[in-house]
Enquirer: 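Before I ask anything, let me first share the structure, which is written out below as structure tokens.
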There are 2 protein chains.
Amino acid sequence: MVTQINGSVVKAFDILKLFDEDRNEVTTTDVATELDLNFVTAHRFLRTLEHVGALVAVAKGRYRLSYVFVDLGDRVTGGDLLGQTLQPLLNAITADLQEAAMATVFQSDMVVCIARAVSRRQLSVDIRVGSRLEAYCTAHGKTWLAFMSERQRAHYLDTVERLRFTRNTVVERATLERQIAEVRELGHAFNDSEREDGIRAVAVPILARGGRMIAGLSVFGPASRMTDEITQLALARLQHAARDAGGLLYGQIAAPSA
Amino acid sequence: MVTQINGSVVKAFDILKLFDEDRNEVTTTDVATELDLNFVTAHRFLRTLEHVGALVAVAKGRYRLSYVFVDLGDRVTGGDLLGQTLQPLLNAITADLQEAAMATVFQSDMVVCIARAVSRRQLSVDIRVGSRLEAYCTAHGKTWLAFMSERQRAHYLDTVERLRFTRNTVVERATLERQIAEVRELGHAFNDSEREDGIRAVAVPILARGGRMIAGLSVFGPASRMTDEITQLALARLQHAARDAGGLLYGQIAAPSA
DNA sequence: ATAGATATTTCAAATATAGCAATATATATC
DNA sequence: GATATATATTGCTATATTTGAAATATCTAT
């Protein structure tokens, strides 16, 4: 027999899970009917969640999530949990493929490296933790642009100065928007010498269960080594790593969906 | 007698509250000693929190918060909860002082209006929900700059093009940094014709319990009406409103500290 | 290999919880 | 304003769940 699980706590979190993107308020009647609880029991659980600061009563019998979850969420994302969590995954990919791998977040309209792995034969990779890259001409960047809100993306494209780094750099907005839509469709992005001549990359998103992009993962290297075959292999490894990341960030009880 | 509160749920949230900025991992022994629980009981609660997806085991007997709290936090901040929550507070301030009031968030290096109240005599206030303002020359903006992370602020000051809108616009970085430090010290910011001639404003931050700035609140109007006396009165009303906002966002069980 | 610390499971006593019933309050209708 | 209905809240108690001692298993340090 396994460890005894506390039923009350399970019910409390079942209530919290009723809140979703389309539902920011929940009533006692909702809880009783959807969780198959006695009305009085539902009432008592809601009052308990209010008591501990998890819910706020907006009217009698109607509740919404408290801002305390923003604080708890900040505790999860503060510090370097994400970089530390993803580093072993990057190490494994680089050990496997002998090409550099990187994890990024999107901050102040730039792609920022939060973890990287470099193989022994790559002594002069120019990326380090903290490095910032433009979004419009990188595989990471196109992934971020694909999965951010439309409003944030429109603002980015309205304001970014799109320099042409190489002959391959896409600067026309319409072309960019088509490429970004394709990345969203495929779930990954490629880069072939857009930011730096002779460098190819493939990137995938790590998505939160709520749909928001948490981080990007990529493999990159010289075009001479990043053949179509290696690139496809790298893509498969990155997709697998993104799923593993979900397990590490959320725990293993529910397989994250890509 | 009041509503029966479920002790198990209270204990579970007591465990979640052990995590703070300086502590992203908690052990079974920690929980047992700090919450005065039997070791077996602590063990069972931690396993239950892991079971519901709230915690992730990083090793045997050691846990951290799951990414599920980022999702719950996103549900709190998604939609327009903040704007809707703050609107009645702004309405009350404007009814009281007969000057315009505004709430903002900071997004993509700009101050963005999420709610505003305008009195009857102000038929031509140029600000509406969604309006974006520069940070370096507005009361709101200086409040945001004062309470954001040092790294984010340095990046903002490194990259923003500081146009001189009026004779009063401060564009020298050293002067700006001194002013921002003073705002952090005082807990509020003033603006006197920096962004637009003849317009004065006073702004305060709304801070999350974790310390992060959630929103800014301000009162603004023509210098001819925004006398020093009215400005001080506005400041007091804004500070009171910021405290009320805490009560609305977190629930009334703990008075928020400004 | 051994000692000590920590984690996990079994079992039963203790107690907190769940739900019925009653009462209070709110809302809709006339 | 009166009435009916729906929802919220409280009192009470039977019982289901939780708690903690004891035993066992596993891990870590020496």
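Keep in mind that the numbers below use all heavy atoms, side chains included, and drop hydrogens, waters and symmetry copies. So that the names make sense, note that chain A is the first sequence line, chain B the second, and so on, each numbered from 1.
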Enquirer: Assess whether one donor atom and one acceptor atom, taken from the side chain of B:Q4 and the base of C:dA18, lie less than 3.5 Å apart.
Expert: yes

Enquirer: Take atom CZ of B:F45 and atom P of C:dA16, then tell me their distance rounded to the nearest Å.
Expert: 12 Å

Enquirer: Against the six-membered ring of A:Y250, is A:R209 placed for a cation-pi contact (under 6.0 Å from the centre, within 45° of the normal)?
Expert: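 Yes; both conditions hold, so A:R209 lies above the ring face of A:Y250.
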
Enquirer: Could you say whether A:S8 or A:Y63 is positioned toward the 5' end of DNA chain D, judged by the nucleotide with the nearest heavy atom to each?
Expert: A:Y63

Enquirer: From CG of A:L37 over to P of C:dG19, roughly how many Å is that when rounded to an integer?
Expert: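 In whole Å, C:dG19 P lies 7 Å from A:L37 CG.
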
Enquirer: Using whole Å, what does the distance between atom P of nucleotide C:dT17 and atom NZ of A:K11 come to?
Expert: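 Result: 11 Å.
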
Enquirer: Write down the distance between CZ (B:F39) and P (D:dT24), rounded to a whole number of angstrom.
Expert: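 Nearest whole value for this atom pair: 19 Å.
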
Enquirer: In whole angstrom, give the distance that lies between atom CG of B:D30 and atom C1' of C:dA7.
Expert: 15 Å

Enquirer: How would you label the contact of A:T27 with the nucleic acid (heavy atoms, under 4.0 Å): base, sugar-phosphate, or nothing?
Expert: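 Touches nothing.
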
Enquirer: So is A:R64 actually on top of A:F19's ring, under 6.0 Å and inside 45° of the axis?
Expert: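 Because its charged atom misses either the 6.0 Å distance or the 45° angle limit, A:R64 does not stack over A:F19.
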
Enquirer: Is any side-chain nitrogen or oxygen of B:N38 closer than 4.0 Å to OP1 or OP2 of D:dT19?
Expert: no

Enquirer: Taking for each residue the nucleotide of DNA chain D with the nearest heavy atom, is it A:N6 or A:V40 whose nucleotide lies nearer the 5' end?
Expert: A:V40

Enquirer: Flag the pair B:E50 and B:K60 as a salt bridge only when some basic side-chain nitrogen lies within less than 4.0 angstrom of an acidic carboxylate oxygen.
Expert: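 Salt bridge flag = no for B:K60 with B:E50.
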
Enquirer: Is it the case that the side chains of A:S218 and A:H140 hold a donor-acceptor pair, with the cut-off being a distance below 3.5 Å and no angle test?
Expert: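 Distance-only check passes for A:H140 and A:S218.
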
Enquirer: Is the shortest side-chain N/O distance from A:H43 to OP1 or OP2 of D:dA8 below 4.0 Å?
Expert: no

Enquirer: So does A:K60 get a side-chain nitrogen or oxygen closer than 4.0 Å to the phosphate oxygens (OP1/OP2) of C:dT27?
Expert: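 For C:dT27, neither OP1 nor OP2 has a side-chain N or O of A:K60 closer than 4.0 Å.
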
Enquirer: Does atom CZ of B:R132 have more than 12 heavy-atom neighbours, drawn from other residues, nucleotides or ligands, at distances under 6.0 Å?
Expert: yes

Enquirer: Please give, in whole Å, the distance from C:dA18 P to B:I5 CD1?
Expert: 12 Å

Enquirer: Between P on D:dT19 and CZ on B:R44, what's the gap in Å once rounded to a whole number?
Expert: 8 Å

Enquirer: Mind checking B:R47 for me? I need base, sugar-phosphate or nothing, with any heavy atom below 4.0 Å counting as a touch.
Expert: sugar-phosphate

